[in-house]
Amino acid sequence: MSANFSLCKKIPLRMGSLSEIKETFRSADAVCFDVDSTVIKEEGIDELAKFCGVGDAVAEMTRRAMGGSLTFRAALTERLALIRPSREQVQALITEHPPRLTEGIKELVCRLHQRNVQVFLISGGFRSIVEHVASQLDIPLTNVYANRLKFYFNGEYAGFDETQLTAESGGKGKVIAQLKEKYGFRKIIMIGDGATDMEACPPADGFIGFGGNVTRQQVKEKAKWYINDFEELLRELDNNSIKMNHNDIIY
């Protein structure tokens, strides 16, 4: 869920030059991905709303929210109150309409893992859906940060866990700060399509805007490195490997 509900906030511009961000990406010890419209093609909450028969109403609510100063938590609360998904509906959505991975993401995550880079999924979407995505990408569930839906004993919707950092405005940045403190990462890259992803830099050391599924004009204009497919990142890693191998040659 990479919505732009915090557009009224000033986005930090301390993101370095293009060459600096590329160097940070090549030498990063952790890469964090947004999920909706980045790792997967869809926006999870929109798909859930359609599945529950309130797609148009939620889409209209989203449009209204993006034009105002509604906080992320307030926007999430309002839309979920309209959808009111049951546990059964969420599971049926995943089974009948599983999220579709964006082209190239599986190869990119695999390449990062081969380089011993930690990969995290940080999403304003729902953990039950994001965990399904993580399992497809061989990302440990301990590396997933997303919102938890709550249900009553009979499976009916009971709200969401408001204590999760991802339920707050600026939550992705708070998660990255926590990761640095917990694991001691020196360089973390954030990749995503939305303003909430760009706002996570800093504390992320670099941001890469992604427009392969949807273009957020503000992100495209302000991101120093903006890509439309993950092949560009794979090429960057390949070029780095070629340079490293060349430097290992003894004349």
Side-chain angles (χ1 to χ4, degrees), residues 1-5 32-66 72 75-110 119-141 143-161 164 166-167 171-172 191-194 196-197 210-216 228-230:
M1 187 177 302
S2 26
N4 294 289
F5 296 115
C32 300
F33 289 92
D34 170 52
V35 177
D36 294 330
S37 296
T38 299
V39 169
I40 63 173
K41 295 174 177 289
E42 309 90 353
E43 287 284 330
I45 196 164
D46 292 342
E47 296 304 305
L48 185 58
K50 287 181 206 170
F51 193 77
C52 295
V54 290
D56 291 342
V58 168
E60 177 58 31
M61 188 179 288
T62 300
R63 281 192 292 270
R64 288 202 313 272
M66 290 176 72
F72 181 83
L76 183 60
T77 301
E78 284 193 12
R79 290 182 295 171
L80 280 173
L82 185 61
I83 302 170
R84 300 193 65 78
S86 67
R87 182 188 282 117
E88 185 180 357
Q89 285 174 317
V90 173
Q91 290 308 314
L93 171 68
I94 295 170
T95 302
E96 297 174 25
H97 301 283
R100 297 173 298 151
L101 294 177
T102 300
E103 289 83 357
I105 187 61
K106 198 158 191 174
E107 294 80 1
L108 177 58
V109 170
C110 181
V119 178
F120 294 86
L121 300 180
I122 306 179
S123 174
F126 309 123
R127 188 173 182 93
S128 49
I129 296 174
V130 178
E131 284 186 348
H132 177 81
V133 174
S135 66
Q136 291 181 286
L137 298 172
D138 293 322
I139 295 172
L141 299 188
N143 288 17
V144 170
Y145 291 82
N147 290 315
R148 293 179 184 273
L149 293 172
K150 297 195 295 188
F151 303 98
Y152 292 112
F153 69 93
N154 63 355
E156 290 182 1
Y157 174 69
F160 64 95
D161 184 354
Q164 298 293 310
T166 47
K172 292 178 181 178
I191 302 173
D193 66 286
T196 57
D197 307 313
F210 182 73
N213 293 310
V214 63
T215 301
R216 317 281 186 196
N228 288 304
D229 59 65
F230 289 123

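Below, each value reflects all heavy atoms present in this structure, side chains not excepted, and no hydrogens, waters or symmetry copies. Please read all numbers here as calculations on a predicted model, not as lab measurements.
- Minimum heavy-atom separation, Tyr157 to Pro85: CB-O, 3.1 Å.
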Stepwise side chain to side chain contact (heavy atoms under 4.5 Å, CB included) check, Asp36 with Asp46: CA-CA 10 Å; Asp36 294 330; Asp46 292 342; over 6 Å; no

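- Closest non-hydrogen pair, Phe151 versus Arg87, comes out as CE2-N, 3.1 Å.
- Interatomic distance, CD of Gln89 versus CG of Leu48, reported as 7.5 Å (0.5 Å rounding).
- The CG atom of Asn213 lies 7.5 Å from the CD atom of Glu103; values are rounded to the nearest 0.5 Å.
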Test log, rule side chain to side chain contact (heavy atoms under 4.5 Å, CB included), inputs Val35 and Ile129: CA-CA 10 Å; Val35 177; Ile129 296 174; over 6 Å; no

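- For the pair Thr102 (side chain) and Thr38 (backbone), a donor-acceptor distance under 3.5 Å is present.
- By the 6.0 Å contact criterion, CD on Glu107 is enclosed, its count of non-hydrogen atoms from other residues, nucleotides or ligands being greater than 12.
- For the atom pair CG of Asp138 and CG of Asn143, the computed distance is 12.0 Å after rounding to the nearest 0.5 Å.
- In terms of heavy-atom proximity, Leu141 sits nearest to Ala134 at CD2-CB, 4.1 Å.
- Ring geometry, Phe120 versus Tyr145: the interplanar angle falls from 30° to 60°, so the pair is classed tilted.
- In this structure, Phe33 and Ile105 approach most closely via the heavy-atom pair CE2-CD1, 3.7 Å.
- Formation of a donor-acceptor pair under 3.5 Å by the Glu42 side chain with backbone atoms of Pro99 is not found in this model.
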Working for side chain to side chain contact (heavy atoms under 4.5 Å, CB included), residues Lys172 and Asp34: CA-CA 9 Å; Lys172 292 178 181 178; Asp34 170 52; 3.0 Å; yes

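- Across Phe210 and Ser37, no two heavy atoms sit closer than the pair CD2-O, 3.8 Å.
- A salt bridge links Arg216 to Glu43: one of the charged nitrogens lies within less than 4.0 Å of a carboxylate oxygen.
- The two residues Phe160 and Leu80 come nearest to each other via the heavy atoms CD2-CD1, 3.7 Å.
- Judged purely by atom type and a 3.5 angstrom limit, Arg127 uses its side chain to pair as donor or acceptor with the backbone of Val144.
- Note that CG of Leu101 and NZ of Lys106 are 6.5 Å apart. Values are rounded to the nearest 0.5 Å.
- Summarising the geometry, atom CG belonging to Asp197 is positioned 10.0 Å from atom CD1 belonging to Ile191; distances are rounded to the nearest 0.5 Å.
- Within the 3.5 Å criterion, the main-chain N or O of Ala146 finds no donor-acceptor partner in the side chain of Ser123.
- Interatomic distance, Asn147 CG to Asp161 CG, rounded to the nearest 0.5 Å: 8.0 Å.
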Evaluation steps, side chain to side chain contact (heavy atoms under 4.5 Å, CB included), between Leu76 and Ile45: CA-CA 9 Å; Leu76 183 60; Ile45 196 164; 3.9 Å; yes

